[in-house]
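All ligand and atom numbering here is 1-based and tracks the order in the structure. Quick note: residue numbers are just sequence positions, from 1.
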Amino acid sequence: MLIRPPAEIAPSEITPPDIYRDRRRFMQGMGALAAGAALGTASDAGAGVKLAGVRDSVHTLDEKRTPYKDVTTYNNFYEFGTGKDDPADRAGSLKPRPWTVAIEGEVHRPQTWDIDALLKLAPLEERVYRMRCVEGWSMVIPWVGFPLNEIIRRAQPTGNAKYVEFVTLHDPKQMPGQRSRVLDWPYVEGLRLDEAMHPLTLLAVGLYGEVLPNQNGAPIRLVVPWKYGFKSAKSIVSIRFVEKQPVSSWMAAIPREYGFYSNVNPQVDHPRWSQAKERRIGEFLKRDTLMFNGYGEQVASLYRGMDLKKFF
Ligand SMILES: Nc1nc2c(c(=O)[nH]1)N[C@H]1C(S)=C(S)[C@@H](COP(=O)(O)O)O[C@H]1N2
Ligand SMILES: [Mo]
């Protein structure tokens, strides 16, 4: 999004033949099986493998879900390149096992979670969320995950914890895009503690009932449905509780264009384009962008009294 204007997507770009998806998933499955065997870990770590025991939740939508192949082949994940199809083509070098997530900083109980233990921390739910990229496109995605607040409660933030920082893996061997300096790596994002505690804020480990594909942020990523997509950091290795407002990677790169809050807000234009409308991937006509991406009833109270033009 650093270099691209709002996406104008050719239908051919978003409807590759089905066979493409099937071939890719087959190969990923084989890769996961091989990796599982080599590491002696469960083979259910692989993308495309069905997640067991996923509950339905009240978080669903009466909107058409974006097809799996679009969700997994039209991505932003600059660690694998800046093109929309780079992550699907190149994220095979990411190894989602073994993996740990450190809970650190201003907490009474810092802890490093092994990813497989983390998967058992709370019941997995399916949540169908709208996702809106600041570039002007959107999707409806059935995520699988659990609320971030499940981890936060266990970590017991101290009185100094005002914000939470999310840090993506930094390893140019696994993430070749980190060899070019499009961003100051690692990718860092942040939320205010109350935003992080909000029941809509999700840690996702899957989509469409299956283990998260690498290109979507395996093995664990944030999903904050009322904020622009870039707030939802992928492939997280650290969740840090801090006193001062973090500087996110996008704020550091282009402070005039990307602020800390980044709430979806059709009334606040991006300095280079309008945010009033969006193109739902797979649709032809643009639709109006909704305040807080349609989650206003749940989240507007977090911002009561704040000037959202100033705190963009
Ligand atoms: N680590 C990391 N996280 C990231 C990004 C990225 O480049 N690196 N891109 C963000 C942006 S701009 C968007 S729109 C979403 C896209 O998520 P998706 O590809 O799963 O739809 O991921 C976000 N999380
Ligand atoms: Mo984005």
Taking only non-hydrogen atoms of Asn216 and a 4.0 Å limit, the atoms of ligand 1 in range are 18 (P), 20 (O)

Yes or no on side-chain contact (heavy atoms from CB on, under 4.5 Å) for Trp226 and Glu195, after CA distance, side-chain angles and deciding distance? CA-CA 10 Å; Trp226 70 95; Glu195 296 177 322; 4.2 Å; yes

What class does the angle between the rings of Phe230 and Tyr228 fall in, given that below 30° is parallel, 30 to 60° is tilted and above 60° is perpendicular? parallel

Where ligand 1 meets Met131 - atom numbers and elements under 4.0 angstrom, heavy-atom basis: 21 (O)

Any side-chain to backbone donor/acceptor pair from Arg221 onto Asn216? Under 3.5 Å, distance only. yes

In the structure I gave you, are the side-chain heavy atoms of Val134 and His270 within less than 4.5 Å of one another anywhere? yes

Could you list the atoms of ligand 1 found under 4.0 angstrom from a heavy atom of Cys133? 14 (S)

When you measure from the centre of the six-membered ring of Phe260, is the NZ or CZ of Lys231 closer than 6.0 Å and no more than 45° off the axis? yes

With heavy atoms only and a cut-off of under 4.0 Å, state how Met139 meets ligand 1: side chain, backbone, both or neither. neither

Please state whether the rings of Tyr129 and Tyr295 are parallel, tilted or perpendicular, taking 30° and 60° as the class boundaries. perpendicular

Proximal atoms of ligand 1 relative to Thr168 (non-hydrogen, under 4.0 Å): 1 (N)

Do ligand 1 and Trp137 have nitrogen or oxygen atoms that lie under 3.5 Å from each other? no

Audit row: Glu63, Arg130, salt bridge (Lys or Arg N to Asp or Glu O under 4.0 Å) steps and yes/no: CA-CA 9 Å; Glu63 291 174 38; Arg130 288 181 212 96; 2.8 Å; yes

Taking heavy atoms and a distance under 4.0 Å, where does Asn75 meet ligand 1: side chain, backbone, both or neither? both

Give a yes or no on whether a salt bridge exists between Glu283 and Arg287, defined as a side-chain N under 4.0 angstrom from a carboxylate O. yes

Looking only at N/O atoms, are Asn76 and ligand 1 under 3.5 Å apart anywhere? yes

Is it the case that ligand 1 has an N or O less than 3.5 angstrom from some N or O of Glu79? yes

Backbone or side-chain N or O of Ser232 under 3.5 Å from ligand 1 N or O: yes

For atom 20 (O) of ligand 1, tell me which residue out of Gln215, Glu135, Arg221 has the closest non-hydrogen atom. Arg221

Tell me which part of Glu189 gets within contact of ligand 1: side chain, backbone, both or neither, using heavy atoms under 4.0 Å. neither

Compute whether any side-chain donor of one residue and acceptor of the other, for Glu104 and Ser238, lie under 3.5 angstrom apart. yes

Between Tyr187 and ligand 1, find which residue part has any heavy-atom pair under 4.0 Å and reply side chain, backbone, both or neither. side chain

